[in-house]
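What follows is a short report on a single structure.
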Amino acid sequence: MLLDKTRVFPVTKNADTPEDEAALRFASDIIRRGGLVVFPTETVYGLGANGLCEDASRAIFTAKGRPANNPLILHFADKSDINAVCDTNVRGFDALATLMPAPLTVILPAKPVVPRTTTGGLDTAAVRVPTSCIARKLIDFAGVPIAAPSANLSGKPSPTCVSHVLEDMDGRADVILDGGDCEVGVESTIVTLCTPVPTLLRPGGVTLETLRALLGDVAVHEGVLNAPKTDAKVLSPGMLYKHYAPDKPVTLLKGAKADVIAYANRHARAENAAVIAYGDDKPLLDAPVVLCAGSRSDDERYAARIFAMLRETNALPVDKIYAFLPEDTEGIALAVYNRLLRASGFHVMEIS
Ligand code: TXA
Ligand code: MG
């Protein structure tokens with residue numbers, strides 16, 4: 001850290017007040033000097049540093065306790081800046097660029113200017129232009145691409161509000177910009193254009209259906225819905241690690257609404273378990289604590305709250321967590337499904 005303690009600044013969503021400008025100037029100066037700044041994006045909070053400076057990028061790995069071979073995403077203020085650090089003359093890139101800014105990360109061949117610390121030793125790099133005005137202004141003021149993983153300690157659920165950021169990053173980052181709750185709530189969609197067929201590595205706010213409409217054939221890496229195999233290392237090192245896990249064991253309940261509710265009602269009280277469910281399930285549930293969001297027809301809202309709900313269970317006097325899986329994997333439900341599988345260590349109960 002450059003500062004002797006973490007400083008927190010509130011910033012409004014549009015980042016357009018004089019106070020916002022002062023906070024963003026201060027934070028961008030920290031980035032230019034090699035320090036660490038936590039900033040909001042539309043997906044989750046990021047722990048940012050100068051992505052073209054090896055020492056600054058290394059400091060991110062230390063602050064998070066992140067394995068050195070798990071690469072970082074480079075964030076840009078504008079898509080026209082990407083070509084300076086990656087080869088954008090790759091099939092599919094122009095089509096994907098029409099979506100940017102978006103909760104979308106694209107893997108491209110890296111140019112030599114990108115330190116291998118940032119890419120975890122790979123010769124490809126992950127690039128993204130966030131929609132968040134706060135994030136883009138910070139990057140613009142810093143004048144360098146900002147490397148940023150989610151601002152959690154390695155293995156913990158990604159933070160979507162500042163209280164969750166503080167749990168993990170107080171005393172580890174120089175500055176935290178408080179931009180309120182993140183709207184999407186799950187990390188960006190990751191697609192690689194460095195494979196013969198574009199391949200989805202991590203589902204997120206930009207859906208597989210949208211990618212297919214733009215690119216035609218898009219493969220889904222088997223690690224998206226299955227426990228990691230060793231070849232995941234080559235394509236997406238992040239898949240290898242247990243992820244998004246709260247402090248208590250998580251069991252996922254898969255099945256029709258009536259069946260998962262009946263199962264939870266038979267077990268939750270006896271096992272002192274919290275239940276994470278859709279909002280319209282709540283009146284039917286009998287459990288020590290029910291955390292809920294969205295409705296069964298509103299997976300966006302469930303996604304927006306899923307990490308926050310997993311984190312909130314840490315503070316509850318319960319011994320375990322049951323969480324309901326989406327009934328299908330269409331749209332953003334695929335992202336929720338993927339994150340819940342990892343949070344539970346692939347512990348799924350199929351109920352019928
Ligand atoms: O929404 C997001 O993407 C957030 C916000 C802060 O932008 N960031 C984020 O970063 O989720 P992180 O580090 O938590 O996840 C980045 C993922 C990791 O799974 C990593 O393995 C993968 O991106 N990744 C990065 N560079 C890669 C590359 N060259 N090839 C394959 N996967 C890569
Ligand atoms: Mg992460």
Side-chain angles (χ1 to χ4, degrees), residues 37-49 51 57 60-61 63-76 85-87 100-111 114-132 134-136 138-139 145-160 164-165 168-169 177 179 182-195 199-206 221 223-224 228 231-245 303 307 335 338-339 342-343:
V37 173
V38 175
F39 61 98
T41 80
E42 72 281 16
T43 58
V44 301
Y45 276 78
L47 171 65
S57 158
I60 294 177
F61 288 88
K64 269 187 71 102
R66 181 177 178 109
N69 68 350
N70 191 4
L72 307 175
I73 297 174
L74 287 168
H75 295 68
F76 298 82
V85 302
C86 284
D87 179 5
M100 298 176 185
L104 174 68
T105 295
V106 183
I107 310 294
L108 294 170
K111 292 187 175 171
V114 186
R116 290 304 180 259
T117 319
T118 301
T119 66
L122 299 175
D123 53 13
T124 56
V127 299
R128 137 162 163 81
V129 183
T131 62
S132 158
I134 302 173
R136 280 189 289 133
L138 175 71
I139 303 162
I146 295 185
S150 48
N152 50 283
L153 290 174
S154 195
K156 295 291 166 199
S158 300
T160 55
H164 294 166
V165 169
D168 286 12
M169 287 301 148
L177 298 174
C182 303
E183 305 91 74
V184 180
V186 288
E187 306 87 342
S188 59
T189 302
I190 304 181
V191 59
T192 179
L193 296 178
C194 299
T195 41
T199 303
L200 177 73
L201 300 179
R202 180 175 74 181
V206 170
H221 192 278
V224 168
D231 95 300
K233 188 169 188 154
V234 185
L235 270 190
S236 186
M239 286 179 178
L240 285 179
Y241 304 103
K242 185 172 177 188
H243 250 129
Y244 316 127
F307 282 136
N338 164 274
R339 303 311 190 277
R342 284 182 163 66

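Sequence positions, counted from 1, serve as the residue numbers for this chain. Here the structure is a predicted model, which is why all the values come from computation and not from measurement. Counting convention: from 1, in listed order, for ligands and their atoms alike.
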Fill in: Any side-chain donor near an acceptor of the partner, Glu187 and Ser158, under 3.5 Å
yes
Worksheet item: Considering only heavy atoms, does Arg66 approach ligand 1 within less than 4.0 Å through its side chain, its backbone, both, or neither?
Response: side chain
Worksheet item: Looking at OG1 of Thr195 and CG of Leu200, how far apart are the two atoms once the value is rounded to the nearest 0.5 Å?
Response: 10.5 Å
Item to complete: Show which atoms of ligand 1 fall inside a sub-4.0 Å distance from at least one heavy-atom site of Ser188.
Response: 1 (O), 2 (C), 3 (O)
Response to the item:
Counting only protein N, O or S atoms and ignoring waters, those under 2.8 Å from the Mg ion (ligand 2) are Ser150 OG
Fill in: Any donor-acceptor pair under 3.5 Å from Ser132 side chain to Ile134 backbone
yes
Worksheet item: Thr124 heavy atoms, cut-off 4.0 Å: which ligand 1 atoms fall inside?
Response: 28 (C), 29 (N), 30 (N)
Fill in: Sequence-distant partners of Thr118, side-chain hydrogen bond (donor to acceptor under 3.5 Å, both in side chains), two or more places apart
Ser57
Worksheet, complete the sentence: Of His75, Arg202, His221, the residue with the heavy atom nearest atom 15 (O) of ligand 1 is Arg202
Worksheet, complete the sentence: Between the CD1 atom in Ile73 and the OG1 atom in Thr41, the distance rounded to the nearest 0.5 Å is 9.0 Å
Worksheet item: With distance as the sole test, does Tyr45 use its side chain to make a donor-acceptor pair with the main-chain N or O of Gly179 at under 3.5 Å?
Response: yes
Discussion item. For ligand 1 and Tyr45, I'd like to know whether there is a polar contact (N/O to N/O, distance under 3.5 Å).
Written reply: no
Response to the item:
Heavy-atom closest pair (Val85 atom, Leu74 atom, distance to 0.1 Å) is CG2-CD1, 4.4 Å
Worksheet entry | Any N/O pair Thr43/ligand 1 closer than 3.5 Å | yes
Response to the item:
Near Leu122 (heavy-atom distance under 4.0 Å), the atoms of ligand 1 are 28 (C), 29 (N), 30 (N)
Fill in: Any Thr119 heavy atom less than 4.0 Å from ligand 1
no
Fill in: For Ile73, atoms of ligand 1 separated by under 4.0 Å from a heavy atom
3 (O), 8 (N), 9 (C), 10 (O), 16 (C)
Fill in: Per-residue contact class, Ala148 against ligand 1 - non-hydrogen pairs under 4.0 Å
backbone
Worksheet item: Considering Pro67, Pro149, Ser158, Gly46, which one's heavy-atom position lies nearest to atom 12 (P) of ligand 1?
Response: Pro149
Discussion item. If we check side-chain contact (heavy atoms from CB on, under 4.5 Å) with Arg66, which of these qualifies: Leu47, Leu72, Asn152?
Written reply: Leu72
Practice prompt. Taking only heavy atoms of Ser150 into account, list the atoms of ligand 1 that are under 4.0 Å away from them.
Written response: 8 (N), 9 (C), 10 (O), 12 (P), 14 (O)
Worksheet item: Does the Arg136 side chain pair with the main chain of Pro130, one donor and one acceptor, at a distance under 3.5 Å?
Response: yes
Worksheet item: Short list, please: which atoms of ligand 1 are under 4.0 Å from a heavy atom of Ile190?
Response: 17 (C), 22 (C), 23 (O)
Worksheet item: Does the side chain of Arg128 come within less than 4.5 Å of Met100's, by heavy atoms?
Response: no
Worksheet item: According to the interplanar angle, ranging from 0 to 90°, do the rings of His75 and Phe39 count as parallel (below 30°), tilted (30 to 60°) or perpendicular (above 60°)?
Response: perpendicular
Fill in: Element-labelled atoms of ligand 1 that are located less than 4.0 Å from some non-hydrogen atom of Asn70
18 (C), 20 (C), 21 (O)
Discussion item. Tell me the closest heavy-atom pair linking Gly46 and Ala151, and the distance in Å.
Written reply: C-CB, 3.8 Å
